[in-house]
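A, B, ... follow the sequence lines: proteins, then strands. Residue 1 opens every chain.
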Protein chains: 2
Amino acid sequence: MAEDAREPAAPAADGGTAARPDRTAATRQALVQAALALFLERGFKATRMSDVAAAAGLAKGTTYLHFKDKESLFADVLRGVLTETGGRRRIGRPRPDEPTRAFLLRTVPPILRELQASGRFGILYLMAREGPQFPAVADTYHETVIVPVLRLVRIYARRAERRGEVRSDALSRLPIIFVAPAILSALWNNLFGRASPLDVAAVFEGYLDLLFGPAPAGSDGPQQT
Amino acid sequence: MAEDAREPAAPAADGGTAARPDRTAATRQALVQAALALFLERGFKATRMSDVAAAAGLAKGTTYLHFKDKESLFADVLRGVLTETGGRRRIGRPRPDEPTRAFLLRTVPPILRELQASGRFGILYLMAREGPQFPAVADTYHETVIVPVLRLVRIYARRAERRGEVRSDALSRLPIIFVAPAILSALWNNLFGRASPLDVAAVFEGYLDLLFGPAPAGSDGPQQT
DNA sequence: GACAAGAATGACCCGCGGGTCATTCTACCG
DNA sequence: CGGTAGAATGACCCGCGGGTCATTCTTGTC
């Protein structure tokens with residue numbers, strides 16, 4: 001971790017307007033946004049600081065008034081995206097007798113679509129590409145995103161297994177199986193997107209059919225072994 | 001694509017021993033091997049030509065007697081790995097009445113284990129990381145590896161669906177779903193491998209349980225709707 | 001042993017891009 | 001208006017690493 005953000009002017013007792021820190025904050029923000037876009041597009045190493053600055057409408061030197069170095073800019077970009085998820089996408093719970101399949105079907109695809117649209121999947125891809133070179137950052141991501149998600153998956157996997165909705169306990173044993181199709185199609189899009197894009201949410205829905213059986217006519221509950 | 005490999009001395013009518021081209025070929029081979037290892041470990045951009053040469057026990061300049069530039073070395077490395085798969089891993093066919101699950105279970109895990117052991121999954125990861133920067137190479141990989149694999153998947157997905165062994169036709173519609181857990185765990189290993197490695201074959205077996213139901217007692221054949 | 005021919009070397013070149021800093025610009029205050 | 005403090009600039013520095021080439025080393029032949 002870095003955190004060294006080069007405190008831009010004491011936000012302490014300012015005699016006059018509070019306009020200054022605002023200007024500064026806006027500039028910072030512009031840089032972070034520009035950097036995010038470029039990092040997503042080209043990756044960390046391949047992005048030049050001069051380009052970041054230019055994209056933010058600033059000169060290269062200015063960047064270094066706000067960020068100690070390239071890596072700390074990267075850390076800030078990441079932190080921004082991770083916390084910006086911020087409002088903390090609430091997942092809600094399934095209604096007492098709601099089939100797990102129905103619950104997942106109404107809950108997950110919108111999230112996937114949002115992740116897709118907001119480019120948050122791009123971050124995932126970015127981490128996959130540059131993670132090895134920045135173990136600290138990769139760890140942060142692992143703990144902030146991956147572990148919680150898998151924990152959540154495990155909870156609902158157990159529920160589905162308890163209710164006999166799925167064919168084995170593999171989901172709760174290896175929660176990565178549950179997220180694999182969605183994640184992989186997201187990666188696919190960042191890789192072959194232009195050529196043949198996949199609709200991540202659609203893939204997920206198809207996957208649900210496979211796991212739980214296709215949409216039931218009435219409410220649900222086909223065979224339970 | 002490059003291919004410009006800088007023909008090392010006319011292999012044509014040599015007046016004397018055929019030893020020369022051998023020496024040359026050996027050196028080439030050493031370079032390719034060293035490059036492969038380093039590319040897998042650090043990625044293309046982050047690998048220095050001087051390191052490749054050193055790893056092959058040669059001086060940097062020598063590398064350029066055998067390869068036009070870094071990129072053409074990369075192309076050669078890739079070509080080597082792709083064709084070396086060479087003997088053409090035969091997949092065999094399921095016996096007439098063999099359940100698809102059983103067939104996959106005896107066929108796929110060994111392949112996965114070999115891919116794992118031989119580091120071929122590393123290539124996959126390498127492509128994921130550097131693909132965007134080298135569209136031509138990514139295309140080659142797409143056509144040489146991905147398309148054929150997905151085609152194969154589709155064939156067996158159809159079989160399983162025809163026989164009513166799986167719960168939906170999502171597999172043949174979106175074959176990526178079938179390979180997702182294995183691929184993603186392979187990528188995971190290249191990313192968090194040291195921390196918490198996954199047994200790719202085990203993940204796949206768990207996934208089979210989920211798709212087809214757990215191992216049947218006798219031979220198989222649960223419900224067909 | 002002399003000599004040719006290819007293989008290998010490593011000092012060198014040079015552009016790219018991260019990072020610095022003396023200077024200029026802007027905005028506000030008395 | 002003069003003063004000042006922080007924001008911004010962009011010319012500059014410099015190491016890194018891809019790529020070159022005059023030179024040396026090896027190997028095989030007569």
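Remark: A:T27 is in phosphate contact with D:dA8, judged by side-chain N or O atoms under 4.0 Å from OP1 or OP2. Dashed line: the shortest gap from a side-chain N or O of B:T62 to OP1 or OP2 of C:dA7 is not under 4.0 Å.
Scored by the side chain to side chain contact (heavy atoms under 4.5 Å, CB included) test, A:L174 finds A:I177, B:V203 as partners (sequence neighbours excluded). The side-chain hydrogen bond (donor to acceptor under 3.5 Å, both in side chains) test applied to B:R93 returns no partner, not counting sequence neighbours. Not counting sequence neighbours, the partners of B:T100 by the side-chain hydrogen bond (donor to acceptor under 3.5 Å, both in side chains) test are B:R159, B:E165. For B:D51, the side-chain hydrogen bond (donor to acceptor under 3.5 Å, both in side chains) partners are B:R42, B:R48, not counting sequence neighbours. Evaluation of the side chain to side chain contact (heavy atoms under 4.5 Å, CB included) rule for B:D199 yields B:R113, B:A201, B:A202 as partners, not counting sequence neighbours.
The stretch residues 29-40 of chain B does not touch DNA chain C, since none of its heavy atoms comes less than 4.0 Å from the strand.
Atom NE2 of B:H66 is separated from atom P of C:dA7 by 7 Å (rounded to the nearest Å). Atom CG of B:L65 is separated from atom C1' of C:dA5 by 14 Å (rounded to the nearest Å). Whole-Å rounding puts the A:L58 CG to D:dA7 C1' distance at 10 Å. For the pair B:R28 CZ and C:dG6 P, the computed distance is 17 Å after rounding to whole Å.
Ring geometry, A:Y207 versus B:Y207: the interplanar angle falls from 30° to 60°, so the pair is classed tilted.
Applying the ring pair (Phe, Tyr, Trp, His ring centres under 6.0 Å) rule to pairs touching residues 24-54 of chain A yields A:F39-A:F44, A:F39-A:F74, A:F44-A:F74, A:F44-A:F134, sequence neighbours excluded. Listed by first then second residue, pairs satisfying side-chain hydrogen bond (donor to acceptor under 3.5 Å, both in side chains) with a partner in residues 183-192 of chain B number zero, not counting sequence neighbours.
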Output a table of nitrogen or oxygen pairs between the protein and nucleotides 12-19 of chain D separated by less than 3.5 Å.
| from | atom 1 | to | atom 2 | distance (Å) |
| --- | --- | --- | --- | --- |
| D:dG17 | OP1 | B:R48 | NH1 | 3.1 |
| D:dG17 | OP2 | B:R48 | NH1 | 3.2 |
| D:dG18 | OP1 | B:T47 | O | 3.1 |
| D:dG18 | OP1 | B:K70 | NZ | 3.1 |
| D:dG18 | OP2 | B:M49 | N | 2.7 |
| D:dG18 | N7 | B:K60 | NZ | 3.2 |
| D:dG19 | OP2 | B:Y64 | OH | 3.2 |
| D:dG19 | OP2 | B:K70 | N | 3.0 |
| D:dG19 | N7 | B:K60 | NZ | 3.2 |
| D:dG19 | O6 | B:K60 | NZ | 2.4 |

